Amino acid sequence: MELLIDNLISPVVLAFALGIIAKLVRSDLEIPSAIYQALSIYLLFAIGLKGGVALAETPVREVLLPAGVTIVLGLVTPFIAYFALRWFGRLEKLDAGATAAHYGSVSAVTFLAALEAAKNSGLEPDGYLPALVAILEVPGILVGLLLAQSGPRGGLGAAVREVVTGKSMFLLNGGMEVGAWCGPANVAGVAPFFIDPLKWG
C-alpha cells in the first residue's frame, strides 16, 4: 500500500488526475490549442532524442531482446483488444479497430508515469526505453488501422504511410535518429532544453 501511494503521489500522475477532475466538474479550464500542440511536439521530440542518445551508448545485442518482445506485444495486444471489443463490447469494426490501435500503442504521458512509478519503486529504468516506445507505436497502430479498414482500398501501404508520417511517430523516430547519430557529446549543447527538464532517465 505504501508503494502504491508513493507511485500515485507524483507530479505527473497527480497532474493527469487534475485534468480528469477538471473534466468531471465541468471546469472551463482549457489549454489553448497552440500551446497544446507546442508541448506535444516538444515532448515527443525530447523523448525520442533522449532515447536515441541512450541507444548510441548501448550495445545492439542488449536492445535486441527487449525490442523483439516489444514488437510481439505491439502485434498481439491490438488483436486481443479488437476481438474483445467486437465480441463483448459489440463495437463496429471501425470503432473497435481505432480503439485497438490505442491499446497497442502507448501515450507519452503513460510512459512518463510508468517510469516515474518504476523510479519510486527503487528501480533504474534503462536509458533506451524511449526507443521501445517508438518501436511499440508502429505495430500497434498499424494492426489497428488494418483491422479498422472496411474494405481493401488503401491496404497495407496506405496504413504504413499513415503510421510513418503521423506526427507522433515522425517526431519520436526523428528525435531518436537525431540522438543516435549525434550521441551524448553533440547533444550536450541542447541538453539543458531537451534533456535536463525531463525528470526520468
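Remember, it's a predicted structure, so these values are computed and weren't measured experimentally. The residues of the chain are indexed from 1 along the displayed sequence.
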Distance check, rounded to the nearest 0.5 Å: [X] atom [atom1] versus [Y] atom [atom2]?
X      : Y      : atom1 : atom2 : value
Lys167 : Ile41  : NZ    : CD1   : 6.0 Å
Ile47  : Leu171 : CD1   : CG    : 10.5 Å
Leu39  : Ile31  : CG    : CD1   : 7.0 Å
Tyr103 : Leu85  : OH    : CG    : 6.5 Å
Glu177 : Leu55  : CD    : CG    : 9.0 Å

Taking all non-hydrogen atoms of both residues, which atom of [X] and which atom of [Y] are closest, and how far apart?
X      : Y      : answer
Leu123 : Pro125 : O-CD, 3.4 Å
Ala56  : Gly183 : CB-CA, 4.1 Å
Pro192 : Ala188 : CD-O, 3.6 Å
Val63  : Pro66  : O-CD, 3.2 Å
Pro139 : Leu136 : CD-O, 3.5 Å
Asp95  : Thr99  : O-OG1, 2.8 Å

| Qualifying residue, where the test is side chain to side chain contact (heavy atoms under 4.5 Å, CB included) with Leu132 and the options are Asp126, Ile71, Thr70 | Thr70
| task | Could you walk me through whether Val53 and Lys50 pass the side chain to side chain contact (heavy atoms under 4.5 Å, CB included) test, one step at a time? | result | CA-CA 5 Å; Val53 171; Lys50 193 162 189 176; 5.7 Å; no
Are [X] and [Y] grouped together when hydrophobic residues (ILVMFWY) are joined by side-chain heavy atoms under 4.5 angstrom apart?
X      : Y      : value
Val143 : Leu91  : no
Phe45  : Trp181 : no
Leu18  : Leu29  : no
Val190 : Val178 : yes
Leu75  : Phe83  : yes

| task | Count the heavy atoms of every other residue, nucleotide or ligand shown that sit under 6.0 Å from CD of Glu62, and state whether that count exceeds 12. | result | yes
| message | Is it the case that over 12 heavy atoms from other parts of the model lie below 6.0 angstrom from the CG atom of Leu64? | response | yes
| said: Could you check whether any side-chain N or O of Arg86 sits under 3.5 Å from a backbone N or O of Ala96, counting only pairs where one atom can act as donor and the other as acceptor? | reply: no
| task | Answer yes or no: is there a donor N or O on one side and an acceptor on the other, between the side chain of Ser40 and the main chain of Tyr36, under 3.5 Å? | result | no
| task | Verify the ring-centre separation between Tyr42 and Phe193: is it less than 6.0 angstrom? | result | yes
Are the side chains of [Y] and [X] in contact, using a 4.5 Å heavy-atom criterion?
X      : Y      : answer
Leu49  : Met176 : no
Tyr82  : Lys93  : yes
Leu147 : Phe79  : yes

